[in-house]
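In the text below, chain A, chain B and the rest are named by the order of the sequence lines, each starting its count at 1. Computation of the quantities below employed the complete heavy-atom set of this structure, encompassing side-chain atoms and omitting hydrogens, waters and symmetry-equivalent molecules.
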Amino acid sequence: MKPIVWLASFPKSGNTWLRLLLANLAATGEPCGINAIGTARALASSRQWFDEASLIASGLLTAEESDRMRPALYRHIAAGAADPTENDEAGPDRGDDPLRAWRLVKTHDAWTRTTTGEPLLGGRAAARAAMLIVRDPRDVVASLANHNNSSLDEAAALMGDPRSALASRADRQPLQLRQQLLGWSGFHASWLDQSDVPVHLVRYEDLQADAPAALGALLTALGAPADPARLARAAELSAFERLQAQEAESGFREGPVRMATGRFFRSGRSGGWREELSVELRAKIEADHSPMMRRFGYLDDEA
Amino acid sequence: MFHYILSGLRVASDLAMPGLIDADPGPAPPDVRICAGDVPLTLEGATHTGANWQMAADRILLRVPGIVRMLIDGGHAITWQCEESTTPADAAIFVFGSGFGLLIHLQQRCIMHASAIAVGGRAVLFCGPSGAGKSTLAAALGARGYGHIADDQCVLSGIEGGEVLVHPDGRAHKLWEQAIAKLDLAERSGPPIRTALRKFFVQPTSGSHAALPLAAIYILGEARTPELVRGERVAISALNLADAAIAVRLNAYRPAMVERLGQAGLYLQAAAGVMRAGGVFRLVRPMAFDAMDETIAALAAHWEEIGLAEGVA
């Protein structure tokens with residue numbers, strides 16, 4: 001038995017950074033490589049993992065049909081049944097990892113139910129908890145536009161669309177399984193308002209202000225040891241400039257092929273929207289998302 | 001009954017599958033029988049289980065929830081049963097795809113997850129996980145006159161010594177709507193593979209219905225960081241025996257079955273046979289339709305370099 005802990009986020013909210021911070025909790029000397037964390041089984045929407053685990057080609061299934069199979073697949077891996085293809089994650093030796101009792105699995109899926117009424121991600125039988133990382137949507141929009149090589153307006157439209165999804169084109173086989181986002185507000189509401197799996201929230205802005213403290217609070221909430229020296233070292237090894245330097249040196253496997261700036265680790269700032277967004281776009285995002293933004297305290301200082 | 005030649009085996013089936021190679025029934029009993037019947041929900045004495053499958057000795061029970069479940073028995077029979085309101089036509093691809101591929105695994109034979117085309121009368125394989133571009137590359141080469149051999153499964157025989165042969169898995173490509181449009185193959189496009197999918201059978205311009213000797217295996221990779229080759233968008237590199245052995249095992253039709261069925265030795269032997277026949281290469285290229293010409297030019301140059309016949313098969 002090795003339960004999943006979901007690392008959930010809307011895209012461009014710091015999920016990769018959180019994964020690196022967690023991976024670096026076990027690092028001894030060298031930082032964990034940015035290309036060492038992204039194995040197929042560490043991603044809920046991995047098509048390759050689905051195909052290997054189910055013995056079925058997901059490409060022959062509609063999104064609804066593959067969704068119907070996903071809950072049982074997550075419960076099966078959580079139950080820890082023997083799987084000869086399973087290797088421990090690449091990267092630093094995780095023998096001394098305070099998180100080794102869990103499977104950390106990234107997801108951009110909103111918390112939805114399948115056509116047969118099951119939680120897509122398998123409910124409590126699959127996962128012990130979720131870490132939900134959230135970022136000010138006014139900062140997400142510029143990062144998302146860079147990632148998708150789209151305009152800011154298109155990125156804001158996607159965030160405001162309750163039917164938005166990743167990997168949802170039906171005329172081809174997307175590299176990943178379809179992930180329903182439900183828009184920025186819908187995504188967060190789906191996770192926060194479900195009662196199947198406990199959710200531990202961390203704000204990108206708090207990680208940025210004091211990574212050891214925010215990460216420590218997260219681990220404590222999850223019942224994992226939070227050794228201050230370890231937290232400080234993980235934060236140092238995952239500093240944004242270091243990640244950018246690694247990307248400049250070797251590139252980032254998980255980045256999209258066409259990015260506007262050519263960089264996945266773009267700015268890593270908070271509040272960049274003050275320079276990057278027009279008055280109109282800021283107004284649109286606030287109009288689209290103000291109830292959820294208030295829930296996270298993103299409109300407090302402007303009340 | 002329908003009669004097909006599939007991966008070198010004579011198959012008698014009450015389930016029709018478009019896109020396969022038709023065969024005469026002949027006097028001898030078929031190698032594989034595919035029949036409708038009652039399929040249990042659990043398999044007694046299962047030694048390995050997944051979320052939707054169970055394995056006991058030489059039998060596998062495989063379920064696609066709401067669509068079909070099947071019992072793959074001893075490497076010579078598949079019993080299938082549709083679930084809910086699924087029609088046999090909509091379930092057939094699972095029986096002939098995963099079901100048949102697992103049957104080959106149970107037969108203790110080597111089956112690669114690969115497409116294949118003919119170059120100079122020999123077979124060239126393209127391997128990679130689902131979505132790696134196997135079918136699209138084979139179809140693009142087919143449109144340039146290279147004969148079609150396989151779309152998804154390549155059974156290798158003769159790996160224990162002598163000539164390694166590749167057996168065809170059907171007579172049609174299986175392509176998504178986008179690929180059909182980009183490769184300008186609308187004229188050759190047939191029915192959808194399943195009613196709800198925008199993926200279609202596409203007739204190849206020419207093809208081989210007979211087994212062909214293996215020439216080379218290419219493992220498909222996408223040209224992206226960190227393995228982006230600087231200055232060169234398409235790169236082909238030869239794997240040494242150790243890396244080839246790993247690549248062949250990881251590109252088995254269902255790699256996890258190699259271990260579950262104790263076939264590590266079989267696939268090592270296959271890798272040695274492949275090295276003897278021509279070798280294993282890694283082909284890294286951009287996964288974009290506008291890079292297809294460049295990819296095919298690099299392959300054609302490589303085929304000349306390794307002594308495969310110049311030009312079209």
Side-chain angles (χ1 to χ4, degrees), chain A residues 33-35 40 46-66 68-77 79 81-86 114-116 122 167 169-176 246-258 262 264, chain B residues 47-53 55 60 62-67 86 93-94 97-99 101-102 105 113 128-133 135-136 152 174-182 193-199 222-228 250 253-260 264 286-288:
Chain A
I34 58 174
N35 290 308
S46 166
R47 189 180 285 286
Q48 192 177 346
W49 169 77
F50 179 105
D51 289 10
E52 282 174 14
S54 71
L55 306 178
I56 297 291
S58 56
L60 296 173
L61 299 168
T62 64
E64 290 71 27
E65 287 167 345
S66 48
R68 179 171 167 175
M69 293 182 67
R70 288 170 64 182
L73 290 169
Y74 300 127
R75 287 195 293 264
H76 188 79
I77 54 166
D83 182 345
T85 61
E86 179 168 2
T114 67
T115 53
T116 46
R169 303 281 286 265
D171 67 341
R172 67 197 68 178
Q173 182 169 306
L175 284 173
Q176 293 181 20
Q246 276 199 49
E247 186 181 14
E249 171 74 23
S250 60
F252 182 45
R253 190 193 302 280
E254 295 175 53
V257 176
R258 293 185 181 85
F264 181 91
Chain B
T47 52
H48 297 80
T49 58
N52 61 316
W53 58 265
M55 187 166 102
I60 296 174
L62 177 64
R63 183 162 182 242
V64 194
I67 299 173
T86 302
I93 188 70
F94 298 103
S98 283
L102 290 168
H105 272 294
H113 199 192
S130 188
S135 299
T136 304
D152 190 48
K174 298 193 276 291
L175 296 176
W176 290 93
E177 190 175 271
Q178 182 204 28
I180 291 170
K182 296 279 189 186
I193 285 159
R194 296 185 62 218
T195 46
L197 287 191
R198 285 153 72 184
K199 186 175 191 180
E222 183 177 8
R224 65 186 303 167
T225 57
E227 58 185 342
L228 184 64
L250 288 180
Y253 180 63
R254 290 289 175 253
M257 298 311 289
V258 174
E259 203 131 339
R260 289 186 191 116
M287 273 184 72

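Here the closest heavy-atom approach between residue Asp171(A) and residue Arg198(B) is recorded as CB-NH2, 3.5 Å. Contact record, Ala51(B) with Ala72(A): CB-O, 3.4 Å, taken as the closest heavy-atom pair. The minimum heavy-atom distance between Arg63(B) and Met69(A), with the atom names listed, is O-CE, 4.2 Å.
Contact annotation for Pro65(B): both backbone and side-chain heavy atoms come within less than 4.5 Å of a heavy atom of chain A. Heavy atoms of Leu102(B) lying under 4.5 Å from chain A belong exclusively to its side chain. Heavy atoms of Ile67(B) lying under 4.5 Å from chain A belong exclusively to its side chain. Of the two parts of Leu73(A), the backbone and the side chain both hold a non-hydrogen atom closer than 4.5 Å to a non-hydrogen atom of chain B.
The distance from atom CG of Leu60(A) to atom NZ of Lys174(B), rounded to the nearest 0.5 Å, is 8.0 Å. Rounded to the nearest 0.5 angstrom, Leu61(A) CG and Phe94(B) CZ are separated by 4.5 Å.
Between the Trp53(B) side chain and the Ala53(A) main chain, a donor and an acceptor come within less than 3.5 Å of each other. Between the side chain of Ser98(B) and the main chain of Leu55(A), a donor-acceptor pair closer than 3.5 Å is present. Checked by atom type and distance alone, the side chain of Arg47(A) never pairs as donor or acceptor with a backbone atom of Ser130(B) at under 3.5 Å. His76(A) places a side-chain N or O within donor-acceptor distance of the main-chain N or O of Thr49(B), the cut-off being under 3.5 Å.
In this structure, Arg172(A) and Lys182(B) have side chains that are not in contact, with every pair of non-hydrogen atoms separated by 4.5 Å or more.
For the side-chain contact (heavy atoms from CB on, under 4.5 Å) with Ser54(A), the lone residue among Asn52(B), Leu62(B), Val64(B) that qualifies is Asn52(B).
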